[in-house]
Protein chains: 2
Amino acid sequence: MPKPPKVSPLEAHLGYWLRFVSNHVSHAFSVKLAACDVTVAEWVVLRELHGEDAVAPSEIAARIGMTRGAISKLVDRLAAKALVTRRPGRDDRRYQSLALTAAGRALVPGLAALADRNDAEFFGHLKPAERAAIEAVMREIVRRHGLRTVPTN
Amino acid sequence: MPKPPKVSPLEAHLGYWLRFVSNHVSHAFSVKLAACDVTVAEWVVLRELHGEDAVAPSEIAARIGMTRGAISKLVDRLAAKALVTRRPGRDDRRYQSLALTAAGRALVPGLAALADRNDAEFFGHLKPAERAAIEAVMREIVRRHGLRTVPTN
DNA sequence: TATTGTTATACTCTATAACTATA
DNA sequence: TATAGTTATAGAGTATAACAATA
């Protein structure tokens, strides 16, 4: 008897549906951010700096699971947009002090509102219990697998 | 009274948790595929060609929501790996006939098994009802928003 | 010697748009 | 002229690794 190939369809995987929805949610958000000339990766960095006095690039990299090189380029762009300042560290000059500029501080709440609105567009129709159940499942998967990085793309 | 900034944390958004998990699921899958020298985007094209006699690049592009230029480059790589053949169309020579090679046909079931295993690693612990509920929510969001493209990254 | 941040290089994915071959 | 496929260009994101400055 010939062996059947048994190739499961893409839609058989829950990961397929999560990626499908997640990518569209992220894309819709990136379009909203683009109106403010900010990318999703830049938003994540801005959000990390919000409410902080000074954070080192390596600290940001560790928090959001990116390399120092990637953070360096992101901070280049954010500094060029005058949203973030780089200052040499006081005690240990290897460490830089990153901080939001006044323009950056002024911008972040508006971007956060875009994030709220984007989430509501896709998930606002869910019953609170449905929403909480899905969040709990995702948190449990993060915990089980020890996932650490913040996804930016 | 001063207005409070009201910057919601990233974790307040369900989209954050979906992207967090989804990106790790995709990344884990991409690592498994890399052992077979295949990317996720290439896998999606291979999967579309599986079980088909001949499909035009523009048809693939329409199905998975990529541009013809992107498909052209992907097919370049798949042809270089001898997994896919390009033949000129019979009746209308503007249309190409893409098809899996014997090597491509032999490879696809193994890749599908990797996809099954990857999904099980992340979602295998869920109760069938939990899994079905999440899939139903995602399908409903896809339906509500008329989402069409297959996510490949 | 170890660590921070920078830079160079490279690769994937994506999109736009100009280009060709065919119809 | 309209469409299919190709190609060039660009940009975002990512990673690795070599590098300079600092400790």
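Worth saying up front: this structure is predicted, and the values here are computed from it rather than measured. Letters A, B, ... are given to chains in the order of the sequence lines, protein chains preceding strands, and every chain is numbered from 1.
Interface remark: the B:K73 side chain does not form any donor-acceptor pair with the C:dT12 base, using a distance-only criterion of under 3.5 Å.
Checked for salt-bridge contact, A:E121 and B:R144 miss the test: no charged N lies under 4.0 Å from a carboxylate O. The pair B:E11-A:R139 does not meet the salt-bridge criterion, since no charged nitrogen lies less than 4.0 angstrom from a carboxylate oxygen.
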Quiz item: Going 5' to 3' along nucleotides 16-23 of chain C, which nucleotides have protein heavy atoms under 4.0 Å from the base (write B), which only from the sugar-phosphate (write S), and which from neither (write -)?
Solution: B-----BS

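The two residues A:F29 and A:L114 come nearest to each other via the heavy atoms CE1-C, 4.0 Å. Residues A:A82 and A:A103 approach most closely at O-CB, 3.8 Å, considering heavy atoms.
Atom CG in B:D76 sits roughly 16 Å away from atom C1' in C:dC11 (whole-Å rounding). Rounded to whole Å, atom C1' of C:dT4 lies 13 Å from atom CD1 of A:I71. At whole-Å resolution of the value, CG in B:D37 and C1' in C:dC11 are 13 Å apart. Regarding A:Y95, its OH atom lies at a distance of 14 Å from the P atom of C:dT6, rounded to whole Å. Rounded to whole angstrom, the span from the CD1 atom of B:I60 across to the C1' atom of D:dT6 amounts to 17 Å. Here D:dG13 presents its P atom at 17 Å from NE2 of B:H27, a figure rounded to the nearest Å. For the pair B:I64 CD1 and C:dA15 P, the computed distance is 10 Å after rounding to whole Å. If you measure from atom CG of B:N23 to atom P of D:dA12, you get 19 Å, rounded to the nearest angstrom.
Distances were taken from every side-chain heavy atom of B:L74 (C-beta onward) to each of C:dC13, D:dT6, C:dG5; the shortest belongs to C:dC13. When the nucleotides D:dG5, C:dG5, D:dT6 are ranked by their closest atom to the side chain of B:P57, D:dG5 comes out on top.
For the pair A:T39 and D:dG13, the criterion of a side-chain N or O lying under 4.0 Å from OP1 or OP2 is met. In this structure, B:S72 does not reach the D:dG5 phosphate: none of its side-chain N or O atoms is under 4.0 Å from OP1 or OP2.
Taken from CZ in B:R47 to CD1 in B:I60, the straight-line distance is 11.0 Å, to the nearest 0.5 Å. For the atom pair CD of A:E52 and CG of A:L100, the computed distance is 9.5 Å after rounding to the nearest 0.5 Å. The CG atom of B:D53 lies 12.5 Å from the CG atom of B:L98; values are rounded to the nearest 0.5 Å.
By the 30° and 60° cut-offs, the orientation of the rings of A:Y16 relative to A:F20 is perpendicular.
Of the residues in residues 77-85 of chain A, none has a non-hydrogen atom less than 4.0 angstrom from any atom of DNA chain C.
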Expected list for residues 64-76 of chain A: side-chain donor-acceptor pairs under 3.5 angstrom, two or more places apart:
from, atom 1, to, atom 2, distance (Å)
A:T67, OG1, A:A70, N, 3.2
A:D76, OD1, A:R86, NH1, 3.0
A:D76, OD1, A:R86, NH2, 2.8

